Amino acid sequence: MSRLIVVSNRVNPPSGKGEESVGGLAMALAAALREYSGIWFGWSGKTTPEFTGQLNMQRVEGVTVATVDLEEGDYQEYYNGYANKTLWPLFHYRVDLTAYDRSFGEGYDRVNKRFAETLRPLIEPDDIIWVHDYHLIPMARELRRLGVTNRIGFFLHIPWPAHQLVVTLPRHRPLVEALFHYDVVGFQTEESLQAFEGYVFNEVGGEKTEDGRLRAFGQITEAGAFPIGIDADDFARITKSPRAMRVYDRMAAHSVFRKMVVGVDRLDYSKGLEERLLGFERFLHDHEDARREVMLLQIAPLSRDEVEAYQDIRSRLDGLIGRINGAYAEMDFTPIRYLNRSYRRDELAGVYRAAKAALVTPLRDGMNLVAKEYVASQNSEDPGVLILSRFAGAARQMKEALIINPNSPEEISDALAQALAMDETERKRRWEDLMDNVTRQDVTAWRDDFVAALKGDPTVMAANTETPDEPAVTTVKKALVGAKK
Ligand SMILES: O=P(O)(O)OC[C@H]1O[C@H](O[C@H]2O[C@H](CO)[C@@H](O)[C@H](O)[C@H]2O)[C@H](O)[C@@H](O)[C@@H]1O
Ligand SMILES: O=c1ccn([C@@H]2O[C@H](COP(=O)(O)OP(=O)(O)O)[C@@H](O)[C@H]2O)c(=O)[nH]1
C-alpha cells in the first residue's frame, strides 16, 4: 500500500487521551490517519527568530509526525497575515475585514516554498500526498518545481466563495492557477465546487474535459465535493467514557429544573456568536415563562487572538453577554454561562449529551463538526434537537435539524421555542435521520473517497451529489481514465 503524506498547517497528533487541541481540521486528520501508515507534516506551532528548516520527527500511534518551526516574520505574514487576515475573511464573505497587503502574499509564498523544500526529502516515489486548507494552496506548485511527480491532492476545509469575491484579491489568478498543479481538488460542498467552476469558466476561460475534469492554465485537475465527517464510532465510545459520564452527571444534576442549550465554537466572527446571543436574548424577551428555566452554555475558546478582528469580536461578545445577563439574571440564576477556554472531547461529549438543544449558527462555515458531534453524543431514547444555520456546510447533509437563518433573531428564537417544546417522537425521528447521516458520511468515508479519487482508481471515483431535497450521498460515479500528468 502506498504511504499517505498529509500536509496541513495545524498538526495535532492523536494523544489517545482526548486532549487534542481545538479545530475541526486537526480532529479530522488525526482520525483519518489512524488506520494509515504515513506521515503528517506541518507547522510545529512554535516560532524561532530565523527559519532553520529543522525537522522534528516523532512517532505517535503509528503515524510519523514531522513538524517544522516558523520564523517569527513568516508567522506574522503567512499565518496571521495572508491566511487569517486575507483568505479567511474573504472566503467567509467578510470583504470588510479582508486585508490586501502585498507583504502578506509574499510571506505566504515564501512559507509554502520553505515547507515544500523541508518536506521534499521525505517523499518516496510511491507516496501519495494530500495537502489541506487555505494556508497551503501553493504547495503543489512548489513541490512540482522541486521535481515531485507523485499524485498530489488538495482539500479546502473552508467555503470557496462566489467569483465576485475571489476577484477582489489582487493576485487571484496565480492563486487559482496554483490549484491546477494538484491532481484532485476537493471542496466541502457542491456549492463551493460550483463557485470554483464559475471562476474557472468565467474568469480564465477554463472548460470541462470529456471525462468531467477541469482544464485551465494549460493544466487539468479533477474537482469534486467531499463533505468531511467525524469519527462517529470513536465519538460514541468517548460519550460512554468515565470522564464524559462524570461531566454528563454533573451537568444533568445542575439542569434538573432547567433546560440547557449548548454552543461550542472557536471564538471566531464567522461562527455567528453575536447573532446567536441576539437570538437568545429575543427568546428570553418573548418567552417570559422560560426566563428562569432555560440557560445557554457557550464554550468559546480563544482563537487567532493576535488578529484584530478576533480581539474586536471578543470585546463585543463580552459587552453583549454582560448586557443580556444584566437584564435577565436573577439572584440565583444566570441565563448565559460563557467560557473562554477549551475542553477535551470527552468533556464536550458529556456536555452535548446533557443539552436539550444545540445552537450552531455560523454566518459561513466550511462544514462545522460540532453539529455532527452533538448528534453523535445524544441518548437515542431522549435525544436533543440540533438548531443549525443554513450557511454551515453541514446543513447540506443535516436536513432534519431545525435549519435557520442566523441573521434573524426571530428565527433563532422561534427555533429554540420549537426545539424545547418538541415531543419525544419527533425528536427521535429527526435524530435517527441525522445520526444515520453522521454515521454513514463519517471521517473514514471522507478519507477513503478522497484517497480513491487521488489514486485515480480506474473503477471507483467517489463523488458527492446533492439535490435540493436530498442529503448529499456518496455515489460511485464514473471511471477515471488513467492518471493525469
Ligand atoms: O488552526 P487554527 O487557526 O487554530 O483554526 C482551527 C481550524 O479552523 C478551520 O476549520 C475548518 O475545518 C473544519 C473541518 O473540515 C470545518 O468543519 C470548519 O468548517 C472549518 O472552519 C480551518 O479551516 C482549519 O485549517 C483550522 O485548523
Ligand atoms: O473546547 C473545545 C471546543 C472545540 N473543540 C473541537 O474543535 C472542533 C471544531 O471544529 P468545527 O468543524 O466545528 O469548527 P472549526 O473550529 O474547525 O472552524 C470540534 O471537533 C470540537 O470538538 C474542542 O475539542 N474543544
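One-based numbering, in listed order, for ligands and for the atoms of each. Since the structure is predicted, the reported quantities are computational estimates derived from the model, not experimental observations.
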Is the distance between the ring centroids of [X] and [Y] under 6.0 Å?
{"X": "Tyr269", "Y": "Tyr310", "result": "yes"}
{"X": "Trp130", "Y": "Phe154", "result": "no"}
{"X": "Phe187", "Y": "Phe155", "result": "no"}

When you compare ligand 1 with [X], is there at least one nitrogen or oxygen pair between them that comes in under 3.5 angstrom?
{"X": "Trp88", "answer": "no"}
{"X": "Asp365", "answer": "yes"}
{"X": "Met367", "answer": "yes"}
{"X": "Gln188", "answer": "yes"}

Give the atom numbers and elements of ligand 1 that come within less than 4.0 Å of a heavy atom of [X].
{"X": "Tyr79", "value": "2 (P), 3 (O), 4 (O)"}
{"X": "Ile228", "value": "15 (O)"}
{"X": "Ile158", "value": "23 (O)"}
{"X": "Gly366", "value": "19 (O)"}

Taking only Lys NZ, Arg NE, NH1 and NH2, and the carboxylate oxygens of Asp or Glu, determine whether [X] and [Y] approach each other closer than 4.0 Å.
{"X": "Asp305", "Y": "Arg314", "result": "no"}
{"X": "Arg151", "Y": "Asp183", "result": "yes"}
{"X": "Lys85", "Y": "Asp101", "result": "no"}

Hey, is [X] touching ligand 2 through its side chain, its backbone, both or neither, going by heavy atoms under 4.0 Å?
{"X": "Glu373", "value": "side chain"}
{"X": "Lys271", "value": "side chain"}
{"X": "Ser342", "value": "both"}

Below 4.0 angstrom from a heavy atom of [X], which ligand 2 atoms are there? Numbered from 1 as shown, please.
{"X": "Arg266", "value": "15 (P), 16 (O), 18 (O)"}
{"X": "Val264", "value": "3 (C), 4 (C)"}
{"X": "Pro301", "value": "1 (O), 3 (C)"}

Heavy-atom nearest neighbour of [atom] within options [options]:
{"atom": "atom 25 (O) of ligand 1", "options": "Asn80, Asp133, Val370, Leu29", "result": "Asp133"}
{"atom": "atom 4 (O) of ligand 1", "options": "Arg10, His132, Arg304", "result": "Arg10"}
{"atom": "atom 23 (C) of ligand 2", "options": "Asp268, Leu348, Val370", "result": "Leu348"}
{"atom": "atom 8 (O) of ligand 1", "options": "His157, His135, Lys372, Arg266", "result": "Arg266"}

How does [X] reach ligand 1, by side chain, by backbone, by both or by neither, if only non-hydrogen atoms under 4.0 Å count?
{"X": "Leu25", "answer": "both"}
{"X": "Phe155", "answer": "neither"}
{"X": "Asn368", "answer": "backbone"}

Any Leu317 side-chain heavy atom under 4.5 Å of Leu267 side chain: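 With C-beta onward as the side chain, the pair touches.
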
Distance-only polar pair, side chains of His172 and Tyr199, donor-acceptor under 3.5 Å: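 Result is yes, a qualifying pair exists.
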
Side chain to side chain contact (heavy atoms under 4.5 Å, CB included) partner of Leu297, the single match among Val261, Ile336, Val264, Leu339: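 Result for side chain to side chain contact (heavy atoms under 4.5 Å, CB included) with Leu297: Leu339.
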
Residue list, ring pair (Phe, Tyr, Trp, His ring centres under 6.0 Å) with Phe91, at least two apart or on another chain: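 Phe91 satisfies ring pair (Phe, Tyr, Trp, His ring centres under 6.0 Å) with Trp160 only.
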
Ring-face cation contact, Tyr343 with Arg341, 6.0 Å cut, 45° max: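 Geometry flag: set, cation within 6.0 Å and 45°.
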
Qualifying salt bridge (charged side-chain N to carboxylate O under 4.0 Å, His left out) pairs, either residue in residues 129-142, two or more places apart: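 For residues 129-142: Asp109-Arg141, Glu142-Arg145.
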
Value rounded to 0.5 Å, distance of OG in Ser8 from NE2 in His157: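 The NE2 atom of His157 is 7.5 Å from OG of Ser8, to the nearest 0.5 Å.
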
Polar proximity ligand 2 side, Asp365 side, N/O cut 3.5 Å exclusive: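 Checking ligand 2 against Asp365, no N or O pair falls under 3.5 Å apart.
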
